[in-house]
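Residue numbers begin at 1 in each chain, while the letters A, B, ... track the order of the sequences. Here the structure is a predicted model, which is why all the values come from computation and not from measurement.
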Protein chains: 2
Amino acid sequence: MSSFRYFYTIFRVEQIDYFMDEAEQNRCENCIVRQFNSLRAMSKAELKKVSDSKVTKKIKKGEALFEEGDKLDGVFCVREGVSKLSKLSSNGKDQIIKLASKGEVMGQRSVIAEEYTNLSAVAVSDMEVCFIPKDSIVHTLSKNPDFAIEVLRHMAHDLKEADDVIVNMSQKTVKQRIAEAFVYLKNNYGEDDQGFLKLTLSREDIANVVGTATESAIRIISEFKKKGMIKTSGKKIGVLNEKLLQDLIEGF
Amino acid sequence: MSSFRYFYTIFRVEQIDYFMDEAEQNRCENCIVRQFNSLRAMSKAELKKVSDSKVTKKIKKGEALFEEGDKLDGVFCVREGVSKLSKLSSNGKDQIIKLASKGEVMGQRSVIAEEYTNLSAVAVSDMEVCFIPKDSIVHTLSKNPDFAIEVLRHMAHDLKEADDVIVNMSQKTVKQRIAEAFVYLKNNYGEDDQGFLKLTLSREDIANVVGTATESAIRIISEFKKKGMIKTSGKKIGVLNEKLLQDLIEGF
DNA sequence: TCGAAAAGATGACAATTATCATGAATTATT
DNA sequence: AATAATTCATGATAATTGTCATCTTTTCGA
């Protein structure tokens, strides 16, 4: 029964791909990504409006979607690739607050609060995103309570995650935080066929995720490698012994 | 003109106090605290429903409102006093994520996401809170988009603050974070007539706010005192030279 | 494909922060 | 008011983390 269901799902997706031309595929109503975010609570008509006003953009690795302090006139919905959301600290270092990938919506906080954004978004891999002007979002928010609640749920979830990050940052050692980052990257973005993490971050980005100096991150990566917890090849990193990492995270 | 306004505000509050009996005063419709939180977007009828189902509680300093992992059947609206919202780290230390005071609503994240709460709430001063069962909140959320948007705005604001905390925690030194805490306490809770912070936290709580060991916090407090930045009397702390603190925070 | 630029790696050292121990001061309890 | 229990304070020391310098490797553009 469950294998039948799985087949059925695959079949439907392929069917959609097969029978639609590209313009049709790119419409929000048919966007698979939507399953993962609040847009699923929109009605057909609302989605149509969103789709008609959206713009799809390709962003190259390293390019910025927006910068801290920008006024955002809409939100970005990630179709493909990963973006880092970071904030510049007064000491000149970037702190990466969050990584956003397929299905995630960026900039909604700023649009909802009608404030300048407090974060910068830079692509860490080639991306495809949809820019959705805020009008259609804000309008739906005030007309469709289901949508508002769905956005609220997402925001509540983000807030909980932020709490966890705060605790990790202040109570865990740099070593623990780096170990945690690798386990996170493995579980959320997966590994390639040779066992390396699919999402490759520079050592500097890793340092900025865990809030430490680049040299400290590099040193700890070397140490993990020596201990057989991970392997490296250029800037690629692969988890070899997740249990050892997990033990370290838990403080053994 | 501005002094007239001030007088007018005072007058109105006193008038309300004067003409209403206690039961009447305790109704949400008349609650002054409401001006500060999302409840202000509720209609008269909705407020009445909330008020009829709410329970007012007095909480003594040190008592818990709820514990991490509890299932909350409603939210707490703070009428008086201050509560710390904290999370236990795996190393056994408490991290204080936020201080909630007059007008703030606690537990809404958990109620909205329908999850167990990720934080504990313990009173750091004697408190008076209203417990509002979740039904009336959730119901209004799905019927009144203005209320949903108002809650959304609050949550968006909290999320931004959380981002700032993350950056502070990971990029600033313990000394800077403690300095920041004192400035924050001064600006948000004020000083008594002798220039001491109105909200008195134990050294341990201060350490848990900035995420450091209690001894480190104490040591830094002693240092600040020696340098004339603050004064102490028992566990009370007073800011003597805010500029020095500010310079330290900014990294000079 | 060569050479410059960027990113990664490591040593030496300094600064920051945590931990353990111990004593003084304050607060709570009987 | 006396005593117990917390909380505050400080020294000694160790562990962690940051900074600066230098070298190697990788990446990228002309």
Identify, between B/T232 and A/A213, the residue whose nearest nucleotide on DNA chain D lies closer to the 5' end.
B/T232
Distance only, no hydrogens: is a donor on one side chain within 3.5 Å (strictly under) of an acceptor on the other, for B/E180 and B/Q176?
no
Provide, to the nearest angstrom, the distance between the CD1 atom belonging to A/I218 and the C1' atom belonging to D/dT24.
12 Å
Is the phosphate of D/dG18, meaning OP1 or OP2, less than 4.0 Å from a side-chain N or O of A/S216?
yes
Could you tell me whether A/K58 atom NZ has more than 12 heavy atoms of other residues or ligands within 6.0 Å of it?
no
Just how far, in rounded Å, is C1' of C/dA7 from NZ of A/K61?
12 Å
Classify the nucleic acid contact of B/T214 as base, sugar-phosphate or nothing, counting any heavy atom under 4.0 Å across all strands shown.
nothing
Provide, to the nearest angstrom, the distance between the CD1 atom belonging to A/I230 and the P atom belonging to C/dG8.
13 Å
Charged N to carboxylate O below 4.0 Å: is that the case for A/D247 and A/K243?
yes
Measure from NZ on B/K231 to P on D/dC8 and round the result to the nearest Å.
19 Å
B/K84 with B/D205: basic N within carboxylate O range, under 4.0 Å:
yes
Out of D/dT17, C/dA9, D/dG18, which has the shortest distance to the side chain of A/R203?
C/dA9
Which of these passes side-chain contact (heavy atoms from CB on, under 4.5 Å) with B/V75: B/Q108, B/R109, B/K54?
B/Q108
Strand contacts (DNA chain D) in residues 174-185 of chain A, 4.0 angstrom heavy-atom criterion
A/V174
Mind checking side chain to side chain donor-acceptor pair (under 3.5 Å) for B/T200 and listing every partner two or more places apart, or none if nothing turns up?
none
May I ask you to check whether over 12 heavy atoms, not counting those of B/Y116, lie within 6.0 Å of atom OH?
no
Gap between atoms NZ and P, on A/K236 and D/dT25 respectively (whole Å)
19 Å
Taking protein heavy atoms under 4.0 Å as touching, what does nucleotides 21-29 of chain C look like 5' to 3' if B marks base contact, S marks sugar-phosphate-only contact and - marks none?
---------
Nearest heavy atom decides the nucleotide; on that basis, is A/S170 or A/S202 closer to the 5' end of DNA chain C?
A/S202
Atom CD of A/E204 and atom P of D/dG18: how far apart are they, to the nearest Å?
14 Å
No-H, no-angle donor-acceptor pair, B/R219 side chain to D/dG11 base, under 3.5 Å:
yes
Do the side chains of B/K186 and B/L197 get nearer than 4.5 Å, heavy atoms only?
yes
Do you know which two heavy atoms are closest between A/L85 and A/M106, and how far apart they sit?
CD2-SD, 4.0 Å
With a 4.0 Å cut-off on heavy atoms, is B/K93 in touch with a base, just the backbone sugar-phosphate, or nothing at all?
sugar-phosphate
CE of A/M169 versus P of D/dT17: gap in Å, rounded?
12 Å
Just how far, in rounded Å, is C1' of D/dC8 from CD of B/E223?
17 Å
Should we say atom NZ of B/K102 is surrounded by more than 12 heavy atoms from elsewhere, each under 6.0 Å from it?
no
Checking all strands, does B/S222 fall into the base, sugar-phosphate, or nothing category for heavy-atom contacts under 4.0 angstrom?
sugar-phosphate
